[in-house]
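The basis for the numbers below is simple: all heavy atoms, side chains too, and nothing from hydrogens, waters or symmetry mates. Order of appearance sets the numbers: ligands from 1, and atoms from 1 within every ligand.
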Amino acid sequence: MKTNLSSSLPSQLETDCLVAITLDRSESDRNEKNKGENTKPSPSVESADAAVRDAAKELLSSGEVTAKPFETTLLHRPAGLKAKRLLLIGGGKAKNFSAAELRKLAGAAVRTLKGKSIRSFAIVLPEQALPEKGMGSEAVRAIVEGAFVGDFDPGYYKSDRKDKDKDNDQKLDAITIVVQGDAKSLESALQTGRIVAESQNFTRDLVNEPSNRMTPTILAERAKKMASEVGLQCEVYDADKIRQLKMGAFWGVAQGSDEPPALIVLRYDPTGAAKDVHLGLVGKGVTFDTGGISIKPADGMEKMKYDMAGAATMIGTMRAIALLKPKVKVTAVICATENMPSGKAQKPGDVQIAMSGKSIEIINTDAEGRLILADGLSYARQLGCTHLVDAATLTGAVVVALGYVNAGIFASDDQMYERFVSANRQAGEKMWRLPLDDEYKENLKSNIADMVNAGSRWGGAIFAAMFLKEFAEDTPWIHLDIAGTAWMEENKPWIAKGPSGIALRSLVEFVKGWSA
Ligand code: BES
Ligand code: MN
Ligand code: ZN
């Protein structure tokens, strides 16, 4: 997809379709007098160009357009515009409008127009609608990110899919963002948005593949290929090395599968980075989770191909970092394996000794993510990481707690949490903090070993996080449980059903925040 900035007047732009955002300005703070009285929608077209507003005037006065979120109205041969079509897309209440809304609207515009075989369009930057002046670059980024996210189509193995042939791509050809005044100053925002969004789609691409086409070995190959393209160091270690490192918890899971596991390490070590900061990103890469001997029910098991989303998120994050070049040292540790039942599989009651030396009684072989992450966290500490973040589709319990809307955040360190949250806000991803009180530690007790890997049903997401905390030890650490958010359960106006790429944007922003 080509991405362009244009500072021409929207009405003078020749394009297949001009996209403008409509907002409901009733009850808006610019209309103090009418507060509370005027509940009828008062839609406005967000463009400083009067010709664009005029073209939509009749539609607006007809009452057909209300500006409610994702409402789309397509006008052909709009009077006074050089564009062939005008697409109005609703952004909801003006007072709630932000870059996060804009990101979704751009995605919705892409999905709406692609559905009509329109492959290029121009979108008017709604400058008056932004809460603050100087938000132009944030808005440009949001539009680019949203457009790429909306362009992703998970139907890889449909026979009629045209992009199997590279010259006949099903993707959007080009998007132009129409800005007022100086486009040059927004160019870097456009490039940043592009890098982040392409990395997010790279992650979604990995997650989208079924487990027969995304084994630990293939995941490692994909990481290696990406690393060589963007200039990262990448090492891949096999089962021998995993045993040699005494990663008994990781190996305990991997031993049950005929597919060999992979320990993938990606390193980014720029010159000029702060000496005392070394970020560690640890990802859960279970390429298929059957549950092992504590096998899962058949119903819905096919979804467990996305149990490597945490790994894919960290690999995609490293890609974005390598291209954005913040001055901070970052290492990603990816633990990739299947979780299978077999004659070699670990069994409930087995005891495994983790890399840190702690012993674990395996109560449930389906609680495998925390086992592989335990050793991933220890290894990242051994490599010298001063701060750790892990991402994992770790528990069904986090879906019970937060549904499919928010990812769970756990943090052992409030300062690190504050940094993460401000990055998260910037990125416009939904996440919610859950607790790690010492009282929960009680549940980890085992009769035979230092801890059990699974406890009671209640507070299951917290239990899993408390378990991981034992291995992060005193290193400041954040755990992201993305089990409910890494996979979209249904199509949305702005994003297709399938892998979401959640957490990547927050992580990239978080890492950038440490740049020297
Ligand atoms: N991969 C699952 C968690 C999961 C559930 C991911 C739903 C995505 C959607 C994890 O390995 C798992 O099986 N967790 C168990 C733990 C339990 C056995 C203590 C769970 O949450 O049921
Ligand atoms: Mn499991
Ligand atoms: Zn799992």
Taking Glu490 first and then Lys497, would you say they form a salt bridge - that is, a charged N and a carboxylate O separated by under 4.0 Å? no
Do you know which N/O/S atom name in Glu368 is closest to the Zn ion (ligand 3)? OE2
Starting from the Mn ion (ligand 2), look over the N/O/S atoms of Asp289 and name the nearest one. OD2
Looking at Asp289, pick out the N, O or S atom nearest to the Zn ion (ligand 3) and give its name. OD2
Can you tell me if Leu394 has an N, O or S atom under 2.8 Å away from the Zn ion (ligand 3)? no
Which N/O/S atom belongs to Asp307 and is the closest one to the Zn ion (ligand 3)? OD2
If I compare all heavy atoms of Pro210 with all of Lys305, which pair ends up nearest, and what's the gap? CA-CD, 3.8 Å
Does any donor atom in the side chain of Thr365 or Gln346 lie under 3.5 Å from an acceptor atom in the other side chain? no
Smallest heavy-atom separation, Ala483 atom then Leu394 atom, equals CB-N, 4.0 Å
Modelled atom types, side-chain donor and acceptor of Asp375 and Trp251, under 3.5 Å: no
Do any of the N/O/S atoms of Asp366, backbone or side chain, fall under 2.8 Å from the Mn ion (ligand 2)? yes
Closest approach to the Mn ion (ligand 2) by Glu368, given as the N, O or S atom name: OE1
Short N or O contacts of ligand 1 with protein, under 3.5 Å, listed by atom name?
from     : atom 1 : to     : atom 2 : distance (Å)
ligand 1 : 1 (N)  : Lys284 : NZ     : 3.3
ligand 1 : 1 (N)  : Asp289 : OD2    : 3.1
ligand 1 : 1 (N)  : Asp307 : OD1    : 2.8
ligand 1 : 1 (N)  : Asp307 : OD2    : 2.9
ligand 1 : 1 (N)  : Thr393 : O      : 3.4
ligand 1 : 11 (O) : Lys284 : NZ     : 3.2
ligand 1 : 11 (O) : Asp289 : OD2    : 2.9
ligand 1 : 11 (O) : Asp366 : O      : 3.1
ligand 1 : 11 (O) : Glu368 : OE1    : 2.8
ligand 1 : 11 (O) : Glu368 : OE2    : 3.0
ligand 1 : 13 (O) : Lys296 : NZ     : 2.8
ligand 1 : 13 (O) : Asp366 : O      : 3.0
ligand 1 : 13 (O) : Asp366 : OD1    : 2.8
ligand 1 : 13 (O) : Asp366 : OD2    : 3.1
ligand 1 : 21 (O) : Gly396 : N      : 2.6

Would Arg213 and Tyr157 count as a cation-pi pair here, with the cationic atom under 6.0 angstrom from the ring centre and within 45° of the axis? yes
Please answer whether the main-chain N or O of Asn453 pairs with a side-chain N or O of Arg370 as donor and acceptor at a distance below 3.5 Å. yes
Shortest non-hydrogen pair, Lys224 vs Cys234, comes out as CG-SG, 3.7 Å
Would you say the side-chain atoms of Tyr156 and Asp205 include a donor-acceptor pair closer than 3.5 Å? yes
